[in-house]
Number of protein chains: 2
Amino acid sequence: MVGRPAVPEVIWARPERAGRGPRPAFSRADIAAAAVRIADAEGFDAVSMRKVAAELGCGTMSLYNYVPRKEDLYELMLDAVSGDYEFPEPSGDWRADLVALAHQARAMMHRHTWVPRLMSPVYGFSPNALRYLEYTLSCLDGVDARFGEKMELIAMVNGVVTTYVANEIATAERSRSLPWSEEQEHAARTGYLISQIATGKYPRMAAGFAEDPGPIDLDGVFDRALHRVLDSFDR
Amino acid sequence: MVGRPAVPEVIWARPERAGRGPRPAFSRADIAAAAVRIADAEGFDAVSMRKVAAELGCGTMSLYNYVPRKEDLYELMLDAVSGDYEFPEPSGDWRADLVALAHQARAMMHRHTWVPRLMSPVYGFSPNALRYLEYTLSCLDGVDARFGEKMELIAMVNGVVTTYVANEIATAERSRSLPWSEEQEHAARTGYLISQIATGKYPRMAAGFAEDPGPIDLDGVFDRALHRVLDSFDR
DNA sequence: CCGCACTACGTACGGTGTACGTAACTACGA
DNA sequence: TCGTAGTTACGTACACCGTACGTAGTGCGG
C-alpha cells in the first residue's frame with residue numbers, strides 16, 4: 001500500500017528514511033539531481049515521472065514512494081539548484097551584497113532556465129530557501145528598517161530577478177523547440193510588427209522603433225532595473 | 001488537408017477568413033471567449049483543445065483550422081481579456097495615469113487569475129497589446145526621456161504588476177484545487193516553518209516572525225512596490 | 001519472532017496535444 | 001460557366017502524461 005496522504009504535507013517535514021521496511025534505494029538529492037539533469041538537457045516540459053524514474057533506473061511508480069505528487073518533485077528541484085548559492089560574509093555594504101546575490105541568482109537561472117517557471121511563494125520554505133532568506137536578512141543587519149520592510153525589499157529584488165531572467169530566457173529559447181530557425185521566427189514576428197506599425201495606428205511605437213538603437217544590452221537593462229529597486233529603498 | 005505551417009506564423013498575421021471554402025463557423029473572438037470562459041470557471045489547466053471545441057459545439061480537430069497550435073489559443077485568450085482595458089485621455093500627470101493603468105491591470109488579473117501565467121514578452125504583439133503599449137506611451141508624451149527609457153519604465157511597471165498579482169493569486173488559490181481545506185494547508189506549512197525556525201538556525205527570521213504584524217495588507221504592499229518603481233524613474 | 005509498515009513495480013484509466021485521412025463545400029482562374 | 005484547388009469539418013489513432021490500485025517482497029519495532 002502506497003499510502004497517499006489525506007492531509008496536507010510539506011515534503012520537507014517527511015523523514016527521508018522511515019523506520020520500517022527496506023532501506024530506500026535513493027536519496028532525495030539523487031531524485032532531485034536526476035530531475036534537474038533532465039530539465040537542463042531536454043527542457044522543463046520533458047520532466048515526467050516516467051523519465052525521472054528511468055534516469056534513476058527504477059520503476060515509475062516507485063518514485064511515488066519518495067515524491068507523493070509531481071509538485072513535490074518541483075520543490076526538490078528548486079531546492080537542489082538553490083544549493084549552488086555561495087553566501088560570503090556580508091561586507092557591510094548591503095547594496096553591494098544584494099547586487100552580488102542577485103547576480104548569483106541570475107547566473108543560476110541561466111544555468112537552469114526552467115527555474116523562473118517554478119518560482120512562486122508557494123515553494124518558499126525548502127531548506128535552501130530558508131538559508132537564502134536568512135543570509136539575505138543578515139546582509140541587511142545594519143539597516144535601520146522594520147522586518148516587514150526588509151522582507152518587502154527582498155521580495156522586490158527576487159521579483160525583479162525572476163521577471164527579467166524569465167524574459168531573457170523566453171526570448172532566447174522561444175524558437176529552441178520549434179521546427180524552424182530563430183532567424184525565421186524573428187523575421188516572422190518583426191515582419192508582422194512592422195506591418196502593424198505601418199498602418200499608422202501606433203505612431204509613438206513607430207517613432208520609437210524608427211530610432212533603432214541596435215541590439216538590446218540585456219546585462220545593462222537588468223542592472224539598471226536592479227539598481228532602481230535598491231535605490232528606492234535607500235534613503 | 002489541414003496544412004500545418006512549415007514556417008513560423010504569427011496568428012494575427014493570418015486572415016480570419018480565407019478566400020476559398022465554406023465560411024468559418026466561428027470567429028477568433030468566439031474561440032477566445034470560449035477558452036476564457038473555461039479558464040475562468042475551471043482553472044487554466046482545464047483549458048484543452050477538446051474542451052474548447054466542446055464549448056463551441058464543434059469537433060476537436062476543427063479547432064485546428066482556426067488555431068494552428070495550442071500556444072496560439074493562449075495568445076487569443078490574452079488578447080481577449082486585454083480588450084477590457086479602458087484608455088481614458090491622459091491627464092498630464094503620467095504617474096497618476098500609470099498607477100491607474102496598473103490598477104486596471106491588477107483588477108483584470110484578479111478577474112482572470114490565469115493571466116499572469118501567460119504573461120511573457122513572447123505574446124507581446126497582439127492587437128490589444130499594441131493598443132495598450134501605444135496608450136502607455138501616450139501617457140508619457142510629456143516626459144523628457146528617450147524611447148528606450150520609456151520602454152524600460154513600462155516593462156518594470158508591467159513586471160511589478162504581474163509578479164505581485166501572481167503571488168497574490170498563488171497564495172489565494174494554492175489550496176483551491178487540493179483535497180483539503182485552506183486552514184489545513186496553512187497549518188501544515190506554518191507548522192513546518194515554525195518547527196524549522198525553532199531549530200535556531202534562522203535567528204533573523206525567528207526574530208522577524210516573533211513580531212507578528214498580523215495579516216498582510218496586500219493592497220498596501222502592491223501600491224508601495226508600484227510607487228517605488230515610479231519614484232525611481234522620477235527625477 | 002511475528003506482524004506491520006515500508007519499498008518496489010506492473011497494470012490500467014482517463015486525460016492530453018495533434019498528425020493524418022476523408023468528405024463536403026465554395027470562390028477563383030480559365 | 002465550370003472544374004478544381006484550397007478551405008472547412010471531423011473521426012480515428014498515437015504517443016505521452018499523472019497517478020490510483022493491487023501485489024509481492026523486505027526488514028525493523030514490539
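Chain naming here is simple, since letters A, B, ... match the order of the sequence lines and numbering starts at 1 in each. Keep in mind the model is a prediction, meaning the values are calculated, not measured.
The distance from atom CG of N65(A) to atom C1' of dG25(D) is 13 Å, rounded to the nearest whole Å. For the pair R17(B) CZ and dA9(D) C1', the computed distance is 14 Å after rounding to whole Å. Going from atom CZ of F44(B) over to atom C1' of dT16(C) covers 13 Å, rounded to whole Å. Here the P atom of nucleotide dC17(D) and the CG atom of L63(A) are 13 Å apart, to the nearest Å. If you take CZ of R14(B) and C1' of dT8(D), they are 12 Å apart, rounded to a whole angstrom. Atom CG in L56(A) sits roughly 15 Å away from atom P in dT7(C) (whole-Å rounding). In this structure, E71(A) places its CD atom 13 Å from C1' of dG18(D), rounding to the nearest Å. A straight line from CG of D72(B) to P of dG17(C) spans 13 Å, rounded to a whole angstrom.
For Y74(B) and F44(B), the gap between ring centers is short of 6.0 Å. F125(B) has its ring centre no less than 6.0 Å from the ring centre of Y192(A).
In the set dT11(C), dG6(D), dA19(C), dT11(C) carries the atom at the smallest distance from any side-chain atom of M61(A). Of the candidates dC28(D), dT26(D), dG6(D), the closest approach to any side-chain atom of P22(A) belongs to dT26(D). Of the candidates dG6(D), dC10(D), dT16(C), the closest approach to any side-chain atom of K70(B) belongs to dT16(C). Listed nucleotides dA8(C), dT16(C), dT19(D) differ in distance to K51(B); the shortest reach to its side chain belongs to dT16(C). Among the nucleotides dC28(C), dT7(C), dC10(D), the one closest to the side chain of S62(B) is dC10(D).
With E134(A) contributing its side chain and M205(B) its backbone, the two residues share a donor-acceptor pair below 3.5 Å. Side-chain atoms of D30(A) come within 3.5 Å of backbone N or O of S27(A) as a donor-acceptor pair.
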(Q) Is there a side-chain hydrogen bond (donor to acceptor under 3.5 Å, both in side chains) between N128(B) and S82(B)? Walk through the geometry before answering. (A) CA-CA 6 Å; N128(B) 280 323; S82(B) 300; 5.8 Å; no
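S48(A) has a side-chain polar atom (N or O) that falls below the 4.0 Å cut-off from OP1 or OP2 of dC17(D). Between dA9(D) and Y64(B), no contact under 4.0 Å exists linking OP1 or OP2 to a side-chain N or O. The side chain of T60(B) places no N or O atom within less than 4.0 Å of a non-bridging phosphate oxygen (OP1 or OP2) of dC10(D). Here R23(B) does not reach the OP1 or OP2 of dT8(D): none of its side-chain N or O atoms lies under 4.0 Å away.
Residue contacts shown for V52(A) are absent, as no nucleic acid heavy atom lies under 4.0 Å away. Among the protein residues, F26(B) comes within range of no part of the nucleic acid, since none of its heavy atoms lies under 4.0 Å from any strand.
The nearest heavy atom of DNA chain C to Y74(B) and to R20(A) marks one nucleotide each, and the one closer to the 5' end goes with R20(A). Residues A25(A) and M49(B) each lie close to DNA chain C; by heavy-atom proximity, the contact nearer the 5' end of the strand is made by A25(A).
On a pure distance criterion of 3.5 Å, no polar donor-acceptor pair joins the side chain of R50(B) and the base of dG15(C).
Side-chain contact, D72(B) with Y64(B): no donor N or O sits under 3.5 Å from an acceptor N or O.
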